[in-house]
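First the structure, in the form of structure tokens, and then the observations on it.
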Amino acid sequence: LPIQNGYPRVTSATIPLHGTANAIDTRRILVNGVATPWSAWQGAWTNTSVTLNPGINRVLVQALGEQDVEVGRMSVDIWYDDGSVTSVGGVIAANTTWTAAGGPYQITSSLTVNAGVTLVIQPGTTVYLGSGVNVTVASGGRLLAEGTAAAPIRFAVAPGSSGSWGGFTIDGGAGSPETRIAYAHFEGNGTTCLEVAGGTVSLDHLTFGTTTHQYLALDGSSFVVSHCVFPSASSGFELVHGTGGIKAGGHGIVRDCFFGATTGYNDVMDFTGGNRDQGQPIIQYYNNVFTGSGDDALDLDGTDAWIEGNIFLHVHRNGAPDSSAAVSGGNTGGDTSEITMIGNLIYDCDNAVTAKQGNFYTLLNNTIVRITKEGGVDFASGVVNLRDTTPDLTTFGRGAYLEGNIIVDAESLIRNYDPAQTTATVTNNLMPFSWSGPGGGNSPADPVLVHVPALDETHFTSWEEAQIMRQWLSLRPGSPGLGT
């Protein structure tokens, strides 16, 4: 297909596509969810009639193996230019639906969805945004932009256009309706892409193409963020940021997302607010993959949190003035953090956790491997760090409780520990350290992991790729960690 303005461009609503796949593993091919003729002996497929919508189409090709298990996928963006654009802008004052066939839509001036109004954007719709254009969902308004894997929604600048649009803001308050955005791709923003300011949102399967500006801000809002891909930053910013905790009656859940790396003094996700003892909802993280940071992966100051089943990789001090950790927490005003971590995999970090300024961590059944300062500029490392010493001394954390963890190849267990100032209880862990403090029942026995990977095996580009860490860091038969 001919390339124009960065995209393969066609002027027909149906086109032929063909390609190849692994002949050994593949049993059938889907193109946008539709079964496609497949020649196993040639390792090739051909679809003579792929249907496109006006605008930018992301065509998904999946290779399925035995029992329809996916063994490969790829996507290609194709611009179907039918010569028409629907111009919109200003205020949406009545319920409105944008359709894939009615697009692409060109937002020519900043657009607001009024209170009491719902804007529906159907699967497969393309929305172009003009230079400097912002989109605001007013408190009481609602955006329902729910694409599908086979028909995602795209927000971008028009092919060949210069400049960048602004960002989306979802405002809200008590009882505000839920905005839902699913299977959508954002590209071309010139500020924070999505700002949720007191709103209620469900964000699922979002991807981002502009890597120079923050992807998501969650401020005093209620949110479920799932299956999103936040790519590595190409400039200095935190991929996701939140202040003001979670609004009353709401929830804060981040799950099954893939986070690229940050550079310099920037956390992957910095979130502040939410304490159990004040009756506030707390943030929860499940099954996410964090691939690297020069500061912290999660920075939770004055913030209680539940962190379960995540994979943390390659967190080393490179630009941060203080320590770097998979999870770190200090205080905010008089608020401290109580953080529970269960069943996480932590690999190649300066510190698994930093608990300073009155914070307390509970670590249960985590697998912690290769805790080392190699890869960064810090002068020490440890599984638990109980205060920072640079650029200034902080107060100690309240302490930590470790039980049932597997620790392999760590420089130290507790860093900056003073039993007169803080408490660490270490019970029933497999670890290469002796411990004479509170707790007991620990063992230096080899946990017999399936495979301890080398660094060059652990640079993943997708959530799916990183799941091999769960297999590698699992226990072999006969491990002393089984059944305990």
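Every value quoted in this text rests on a predicted model; they were computed, and no experiment measured them.
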Open item on the list: Under the rule for ring-ring contact (aromatic ring centres under 6.0 Å, His included), what residues qualify as partners of H213, not counting sequence neighbours?
Closed with: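 Testing H213 for ring-ring contact (aromatic ring centres under 6.0 Å, His included), a comparison that skips the adjacent residues, returns none.
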Task: Partner residues of F223 under the ring-ring contact (aromatic ring centres under 6.0 Å, His included) criterion, sequence neighbours left out - done: F271
Open item on the list: Under the side-chain hydrogen bond (donor to acceptor under 3.5 Å, both in side chains) definition, can you give me all pairs with a residue in residues 444-456, not counting sequence neighbours?
Closed with: H451-E457
Task: Residue pairs, two or more places apart or on separate chains, that pass side-chain hydrogen bond (donor to acceptor under 3.5 Å, both in side chains) and touch residues 252-272 - done: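 For residues 252-272, and leaving out neighbouring residues, the side-chain hydrogen bond (donor to acceptor under 3.5 Å, both in side chains) pairs sorted by first residue read T262-S293.
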Which atom names give the shortest non-hydrogen contact between [X] and [Y], and what distance separates them?
X: T212; Y: S234; value: CG2-OG, 3.4 Å
X: L300; Y: A305; value: CD1-CB, 3.7 Å
X: G198; Y: S176; value: O-OG, 3.9 Å
X: A445; Y: L430; value: O-CD2, 4.1 Å

Open item on the list: Under the side-chain hydrogen bond (donor to acceptor under 3.5 Å, both in side chains) test against N366, which residue among N429, N310, N405 passes?
Closed with: N405
- [ ] Test N416 against every option in T394, T354, N385 by the side-chain hydrogen bond (donor to acceptor under 3.5 Å, both in side chains) rule and name the one that passes.
- [x]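 Testing N416 for a side-chain hydrogen bond (donor to acceptor under 3.5 Å, both in side chains) against T394, T354, N385 leaves exactly one candidate, N385.
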Counting only N and O atoms by type, is there a donor-acceptor contact under 3.5 Å from the side chain of [X] to the main-chain atoms of [Y]?
X: Q280; Y: N275; answer: yes
X: R317; Y: P321; answer: yes
X: S324; Y: D350; answer: no
X: S222; Y: H251; answer: yes
X: D418; Y: A420; answer: yes
X: S337; Y: T303; answer: yes
X: N442; Y: S434; answer: no
X: S479; Y: V448; answer: no
X: Q471; Y: Q467; answer: no
X: S328; Y: A325; answer: no

Got [X] and [Y] here, is their nearest side-chain heavy-atom distance under 4.5 Å?
X: V384; Y: L386; result: yes
X: Y401; Y: L363; result: no
X: V157; Y: W165; result: yes
X: L413; Y: I407; result: yes
X: L216; Y: L203; result: yes
X: K247; Y: T200; result: yes
X: L449; Y: V408; result: yes

Taking the six-membered ring for Trp and the full ring for Phe, Tyr or His, determine whether the centres of [X] and [Y] are under 6.0 Å apart.
X: Y105; Y: Y128; result: no
X: F237; Y: Y215; result: yes
X: W306; Y: Y361; result: no
X: F460; Y: F258; result: no

Open item on the list: Here's one to test your reading of the geometry: is the NZ or CZ of R415 within 45 degrees of the ring axis of F379 and under 6.0 Å from its centre?
Closed with: yes
- [ ] Before giving the answer on ring-ring contact (aromatic ring centres under 6.0 Å, His included), spell out for F186 and F168 the whole-Å C-alpha distance, their side-chain angles and the decisive distance to 0.1 Å.
- [x] CA-CA 10 Å; F186 296 84; F168 278 67; 5.7 Å; yes
Task: Positive for side-chain contact (heavy atoms from CB on, under 4.5 Å) with L143, one of I121, V135, V113 - done: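 Per the side-chain contact (heavy atoms from CB on, under 4.5 Å) rule, the option paired with L143 is I121, out of I121, V135, V113.
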Is the shortest distance from a Lys or Arg side-chain nitrogen in [X] or [Y] to a carboxylate oxygen in the other one below 4.0 Å?
X: D322; Y: K356; result: yes
X: R58; Y: D77; result: yes
X: R73; Y: E464; result: no

Open item on the list: As a quick check of understanding, evaluate side-chain contact (heavy atoms from CB on, under 4.5 Å) for F230 and C257, giving each step before the final call.
Closed with: CA-CA 8 Å; F230 302 98; C257 294; 4.2 Å; yes
- [ ] Take the angle between the ring planes of H205 and Y183 and call it parallel below 30°, perpendicular above 60°, tilted in between.
- [x]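 Correct class here is parallel.
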Open item on the list: Please verify the inter-ring angle class for Y347 with H314; under 30° counts as parallel, over 60° as perpendicular, anything in between as tilted.
Closed with: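 It falls in the perpendicular class, over 60°.
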Task: Flag for D348-H316: side-chain donor and acceptor within less than 3.5 Å - done: yes
Task: Stepwise side-chain contact (heavy atoms from CB on, under 4.5 Å) test for F290 and L298 - done: CA-CA 9 Å; F290 299 88; L298 295 177; 3.8 Å; yes
Output the distance between atom [atom1] ([X]) and atom [atom2] ([Y]), rounded to the nearest 0.5 Å.
X: T210; Y: N189; atom1: OG1; atom2: CG; value: 4.5 Å
X: N344; Y: I307; atom1: CG; atom2: CD1; value: 7.0 Å
X: R398; Y: T336; atom1: CZ; atom2: OG1; value: 6.5 Å

TODO: Evaluate side-chain hydrogen bond (donor to acceptor under 3.5 Å, both in side chains) for Q278 paired with D335, printing each intermediate quantity in order.
DONE: CA-CA 10 Å; Q278 298 180 40; D335 296 332; 2.8 Å; yes
- [ ] Please list all pairs passing the salt bridge (charged side-chain N to carboxylate O under 4.0 Å, His left out) test where one or both residues lie in residues 129-153, with sequence neighbours left out.
- [x] E146-R180
Open item on the list: Can you tell me if E374 has over 12 outside heavy atoms packed within less than 6.0 Å of its CD?
Closed with: no
Task: Those residues that, when tested against D409, pass salt bridge (Lys or Arg N to Asp or Glu O under 4.0 Å) (two or more places apart) - done: none
